[in-house]
Amino acid sequence: MKKIGIIMGSDSDLPVVQKAADTLKSLDIPYEMHIYSAHRTPEQARVFALNARKNGYGVLIAAAGMAAHLAGALAASTTLPVIGIPMKSSVLEGMDALLSTVQMPRGIPVATVAIDGAVNAALLAAEILAVSDEALAAKLDARREAEAAAVLEKDRKLSS
Ligand code: RP5
């Protein structure tokens, strides 16, 4: 199975980003985490993205806050799918990062999840891998069913 690269702009992003790692772990999907910044370590970010496909990655997840250019910067240097997580790490509460991440120019796509949407970033990465992995697709289906059952159980308790 291809692995997922989880890149964050700062270690201050880790408490939220860890939820993406935990979600991938729960699905037995291999991943690696790194801290590379589009602004503070642009060369390392670029080299990582340039080599990501040959290094066995299938999807990249990029989490960054404020003027969040990390997902776009990685996407500029690879044709692997890149999923951006805008982080709520400034006085603008993530709206700055959301717009910076989602408003990519034509030709360089970034799939952007919600502000601090680490779990959905991991699930979307898993769904991309599951296009060609039936066993993983079955795990994702089972997860959906378990979540639906949990909601219905809460409904049952509420109305009993
Ligand atoms: C971004 O700036 C990082 O992704 C982080 O969300 C934010 C603040 O970084 P620190 O100043 O906490 O390192 O680049």
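In listed order, ligands and their atoms are each counted from 1. It should be emphasised that the depicted structure is a prediction, and the values quoted were computed from it without experimental measurement.
Closest protein heavy atom to atom 4 (O) of ligand 1: Asp13 OD2, 2.6 Å.
Residue Arg40 places a heavy atom less than 4.0 Å from ligand 1.
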Could you walk me through whether Asp116 and Lys19 satisfy the salt bridge (charged side-chain N to carboxylate O under 4.0 Å, His left out) test, starting with their C-alpha distance in whole Å, then the side-chain angles of each, then the deciding distance to 0.1 Å, before giving a yes or no? CA-CA 10 Å; Asp116 283 0; Lys19 293 176 193 167; over 6 Å; no
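Checked against a 3.5 angstrom limit, the closest N/O atoms of Gly65 and ligand 1 fall inside it. Close N/O approach between Ser12 and ligand 1 is found [any backbone or side-chain N/O within under 3.5 Å].
Between Arg144 and Glu147, none of the side-chain N atoms (NZ, or NE/NH1/NH2) sits under 4.0 Å from a carboxylate O, so this pair counts as no salt bridge.
Contact annotation: for Ala64 versus ligand 1, heavy atoms closer than 4.0 Å belong to both the backbone and the side chain.
No donor-acceptor distance shorter than 3.5 angstrom exists from the side chain of Lys2 to the backbone of Gly56, with no hydrogens or angles considered. At distances below 3.5 Å, at least one donor-acceptor pair connects side-chain atoms of Ser160 with backbone N or O atoms of Lys157. Asp13 places a side-chain N or O within 3.5 Å of a backbone atom of Gly9 that can act as its donor or acceptor partner.
Contacts of His34 classified as ring pair (Phe, Tyr, Trp, His ring centres under 6.0 Å), with partners at least two apart in sequence or in another chain: Tyr36, Phe48.
The atoms of ligand 1 that sit less than 4.0 Å from any heavy atom of Ser89 are 5 (C), 6 (O), 7 (C). Close approach to Ser10 involves these atoms of ligand 1, each under 4.0 Å from a residue heavy atom: 3 (C), 4 (O), 5 (C), 9 (O), 10 (P), 12 (O), 13 (O).
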